[in-house]
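Written out below as structure tokens is the structure these notes cover.
For the numbers below, each heavy atom of this structure counts, side chains included, while hydrogens, waters and symmetry mates do not.
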Amino acid sequence: LSTGNPTTISALCAVLENAGYEVRTYGASSNELIRLFEMLLGVLKHSKSDYLLIDTYSTWNFYYAYFGSQLARLLSLKYVCILHGGDLPRRLKYSPKLSKQILKNATALVSPSGYLAETFESNGYRVIQIPNPIAIQNYEFVERRFDNPKLLWVRALQELYNPQMAIRVLIEVCKVYPNATLSMVGPDKDGSLQDCKNLVEELNLTNAVDFTGYLTKEQWIELSKDCNVFLNTTNYDNTPVSVLEAMALGLPVVSTNVGGMPHLIENRKNGILVDENDHESMAAAILDLFEHPNEALELARTARLKSEESDVKRVGELWNKLLQNGT
């Protein structure tokens, strides 16, 4: 059952299918009630399956996990919760009874990041850490030129991900590099696109910011070849695949230090971390990269090595071990 990032889900499905498993997914509808109905119908239809995998998020999608898991319990169907979303620890705190009903009865809990694994283990849950998979051979490592900042931001335009911070970073960078640009890739989720456009006009950055809308993975990777820094401005996070992909592509990542980010990025070793919502510090970090291009390249090379830990081959081995042995 999934309502997650299509890239993450399709990648995991490919990993499992390559390992010889038959996989079916449910939860694609944009209508919340229809999506829930599709999920529950899928559980009923495949009640004799070996496992039900449930993407488990912290917001409204949390209830999909709840109803799906409870139906699985009634059917004696083993299920695995895949923990997503940097705000899940808050859900543990504010919905302890519902959380316990989902999690304590799961065959296994899987987290793509050490951040959620540590948090859940501190609350008495055993968690198996398996990274989000990427096919590393599909990500060409490109050594960037650090002459003029060409910033890239890839995420849904949603308040949670703080897209306006990227624009405020750009205005600071433009004080030193007047020709700096920013490409913002992602669909509008909650009206943030118009808010961002209003801010761009207010700051006179119309010619410097490009809102591409939704792009396929192949399209934004092609776009990334003309960029030289990747921004992650979110207020909550787990282990975003877009950041992992940027690391694989050779883009130095400058991110807010929230959620699972310090488990993915070691500050000044394979990326740069700054305080949440601190656009001035993020801009300063970017400018420092351009003042020290050799260090920026070394940062990118080290990040590539980190991304290779999430290659589909290794992730497939971990999932196969779990599904075969329960560990």
Side-chain angles (χ1 to χ4, degrees), residues 4-19 82 84 112-114 129-146 149-156 161 166 181-187 210 212-234 237-255 260-266 269-273 286 289 293-319:
N5 186 306
T7 301
T8 305
I9 300 311
S10 59
L12 177 56
C13 288
V15 165
L16 296 176
E17 288 170 344
N18 288 338
I82 307 173
H84 293 286
S113 79
Q129 190 174 337
I130 303 179
N132 287 322
I134 62 171
I136 200 70
Q137 72 273 12
N138 294 336
Y139 298 85
E140 179 187 0
F141 180 84
V142 177
E143 291 198 344
R144 312 288 161 165
R145 293 180 57 188
F146 296 94
K150 296 181 179 180
L151 314 179
L152 178 63
W153 187 96
V154 180
R155 211 62 184 264
Y161 302 129
T181 61
L182 169 65
S183 296
M184 302 194 71
V185 178
D210 179 27
T212 71
Y214 169 78
L215 296 181
T216 65
K217 179 170 64 175
E218 292 75 16
Q219 288 172 326
W220 83 254
I221 287 178
E222 183 64 28
L223 173 66
S224 76
K225 293 178 181 179
D226 194 42
C227 300
N228 46 26
V229 177
F230 188 93
L231 305 186
N232 185 53
T233 57
T234 184
D237 230 325
N238 185 15
T239 306
V241 173
S242 59
V243 171
L244 196 60
E245 291 173 322
M247 296 167 74
L249 292 166
L251 282 163
V253 175
V254 184
S255 172
M261 295 314 303
H263 289 266
L264 178 61
I265 293 178
E266 189 175 355
K269 295 286 184 66
N270 60 8
I272 299 177
L273 297 173
I286 293 167
L289 289 175
N294 290 335
E295 294 178 15
L297 285 172
E298 186 59 32
L299 203 76
R301 295 187 188 109
T302 307
R304 168 70 182 206
L305 295 177
K306 177 67 175 180
S307 71
E308 290 174 358
E309 297 177 5
S310 296
D311 184 45
V312 290
K313 182 178 181 181
R314 176 175 181 268
V315 172
E317 292 170 352
L318 294 172
W319 269 104

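Side chain of Asp311 to backbone of Ile136: a donor-acceptor contact under 3.5 angstrom is found.
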Verdict with reasoning, Asn132 to His84, per side chain to side chain contact (heavy atoms under 4.5 Å, CB included): CA-CA 10 Å; Asn132 287 322; His84 293 286; 4.1 Å; yes
- prompt: Could you go step by step and tell me if Asn228 and Arg145 meet the side chain to side chain contact (heavy atoms under 4.5 Å, CB included) rule?
  reply: CA-CA 7 Å; Asn228 46 26; Arg145 293 180 57 188; 5.8 Å; no
query: Is there a side chain to side chain contact (heavy atoms under 4.5 Å, CB included) between Val154 and Phe230 once you walk through the steps?
result: CA-CA 8 Å; Val154 180; Phe230 188 93; 3.7 Å; yes
message: Could you walk me through whether Leu182 and Asp210 satisfy the side chain to side chain contact (heavy atoms under 4.5 Å, CB included) test, starting with their C-alpha distance in whole Å, then the side-chain angles of each, then the deciding distance to 0.1 Å, before giving a yes or no?
response: CA-CA 6 Å; Leu182 169 65; Asp210 179 27; over 6 Å; no
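Distance check, rounded to the nearest 0.5 Å: NE2 of His263 to CD of Gln129 gives 8.5 Å. Note: Leu223 CG to Leu215 CG = 6.5 Å, rounded to the nearest 0.5 Å. Rounded to the nearest 0.5 Å, atoms CG (Leu318) and NZ (Lys313) are 12.5 Å apart. Atom CG in Leu251 sits 11.0 Å away from atom OG in Ser242 (nearest 0.5 Å). Atom CG of residue Leu12 and atom CH2 of residue Trp319 lie 5.5 Å apart, to the nearest 0.5 angstrom. To the nearest 0.5 angstrom, Leu289 atom CG is 12.0 Å from Asn294 atom CG.
In this structure Ser310 satisfies the side chain to side chain contact (heavy atoms under 4.5 Å, CB included) test together with Pro131, Ile134, Leu244, sequence neighbours excluded. The side chain to side chain contact (heavy atoms under 4.5 Å, CB included) search around Val312 returns Val15, Pro133, Ala135, not counting sequence neighbours. Judged as a salt bridge (Lys or Arg N to Asp or Glu O under 4.0 Å), and not counting sequence neighbours, the contacts of Asp226 are Lys150. Take Arg304 and apply the side chain to side chain donor-acceptor pair (under 3.5 Å) test, not counting sequence neighbours, and it matches Glu308. In this structure Ala303 satisfies the side chain to side chain contact (heavy atoms under 4.5 Å, CB included) test together with Met247, Asn270, sequence neighbours excluded. Listed by chain and number, the residues in a side chain to side chain contact (heavy atoms under 4.5 Å, CB included) with Glu298 are Arg301, Thr302 (sequence neighbours excluded).
The shortest distance between side-chain heavy atoms of Leu264 and Lys306 falls below 4.5 Å. A heavy-atom distance below 4.5 Å is found between the side chains of Arg155 and Asp237. Between Val254 and Asn232 the shortest side-chain heavy-atom distance does not fall below 4.5 Å. The shortest side-chain heavy-atom distance between Gln219 and Tyr214 does not fall under the 4.5 Å cut-off.
Taking each heavy atom of Leu151 and Cys227 in turn, the nearest pair found is O-SG, 4.4 Å. Closest heavy-atom contact between Leu273 and Ile265: CD1-O, 3.6 Å. What you find for Gly186 and Thr212 is that their closest heavy atoms are N-OG1, 4.2 Å. Taking every heavy atom of both residues into account, Arg144 and Leu297 meet most closely at O-CD2, 3.7 Å. In this structure, Phe146 and Pro252 approach most closely via the heavy-atom pair CZ-CG, 3.7 Å. In terms of heavy-atom proximity, Phe141 sits nearest to Ala300 at CE1-O, 3.6 Å.
For the residue pair Trp153 and Thr233, a side-chain donor N or O sits within less than 3.5 Å of a side-chain acceptor on the partner.
With Ile221 as the partner, the side-chain contact (heavy atoms from CB on, under 4.5 Å) test is satisfied by one option alone out of Asn138, Leu249, Thr216: Leu249.
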